[in-house]
Amino acid sequence: MTVDDPFKHSTLGSSIFYKDPRAALIWLEKAFGFEPSMVVSDADGRLVHSEMRFGDGYIIVDSEWADHVASPASLGGKNTQSVYVRLKDGIDAHCDRARAAGAGIVQEPADQFYGERQYRARDPEGHVWTFSQTVRSIPREEAEQLSGLRIEGWHR
């Protein structure tokens, strides 16, 4: 039996763990434009689960609820993953918005050999976020020439 997902989640999402997930919800909305879609709290007001949407994707913003999950703030700033977000347009303005909200810009917006313009930003707890926008369609052969790399497979 197949049941439709009432929350209309995309095929793939990501969970991001924070020491202060409530502050993260506010900051992620202000800095990156994520929209809160669900916030679940216990009887004492502690956040138990939350979700945010961006375009057709979603993230779960959660606390350090077990020994095997942690914020980079608890790991000396180390990241074990980076969330990658595709923008349709306005990447430079998006970076300016993130910077104004206090994001540390790890990589300024720059055009890449594969046709993307990309920047990276660090949030207040140390998560590194990558934002990318297609600016030019480049064939694999040109990408190989520009990069000096051998590329197997390519976008269709």
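Start at 1 with the first residue, then count along the sequence.
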Without hydrogens or angle criteria, can the side chains of R22 and S50 be said to hold a donor-acceptor pair below 3.5 Å?
no
dist L146:CG -> Q112:CD (nearest 0.5 Å) comes out at 11.5 Å
If only atom types and distance count, is the side chain of N79 paired as donor or acceptor with the main-chain N or O of P72 below 3.5 Å?
no
For residues F32 and A98, report the shortest heavy-atom separation together with the two atoms involved.
CE2-CB, 3.6 Å
Could you go step by step and tell me if E125 and I16 meet the side-chain contact (heavy atoms from CB on, under 4.5 Å) rule?
CA-CA 11 Å; E125 288 201 20; I16 299 100; over 6 Å; no
Which value, rounded to the nearest 0.5 Å, describes the distance between E35 atom CD and F54 atom CZ?
9.0 Å
Distance in Å, I151 CD1 paired with E144 CD, rounded so as to fall on 0.5 Å steps:
5.0 Å
For the side chain of S37 and the backbone of E51, is there at least one donor-acceptor N/O pair under 3.5 Å apart?
yes
Step by step, work out the side-chain contact (heavy atoms from CB on, under 4.5 Å) result for L25 and L47.
CA-CA 11 Å; L25 288 170; L47 187 128; 3.7 Å; yes
Quick one: does any side-chain atom of R97 pair with a main-chain N or O of K30 as donor and acceptor, under 3.5 Å?
yes
Q133 versus G90, closest heavy-atom pair with distance
OE1-N, 3.2 Å
Give a yes or no answer on whether the side chain of E64 reaches the backbone of F17 with a donor-acceptor pair at less than 3.5 Å.
no
Got more than 12 heavy atoms from elsewhere within 6.0 Å of CG, D42?
yes
So how far is it from Y18 OH to S63 OG, rounded to the nearest 0.5 Å?
12.5 Å
State the OG1-OH distance between T134 and Y114, to the nearest 0.5 angstrom.
10.0 Å
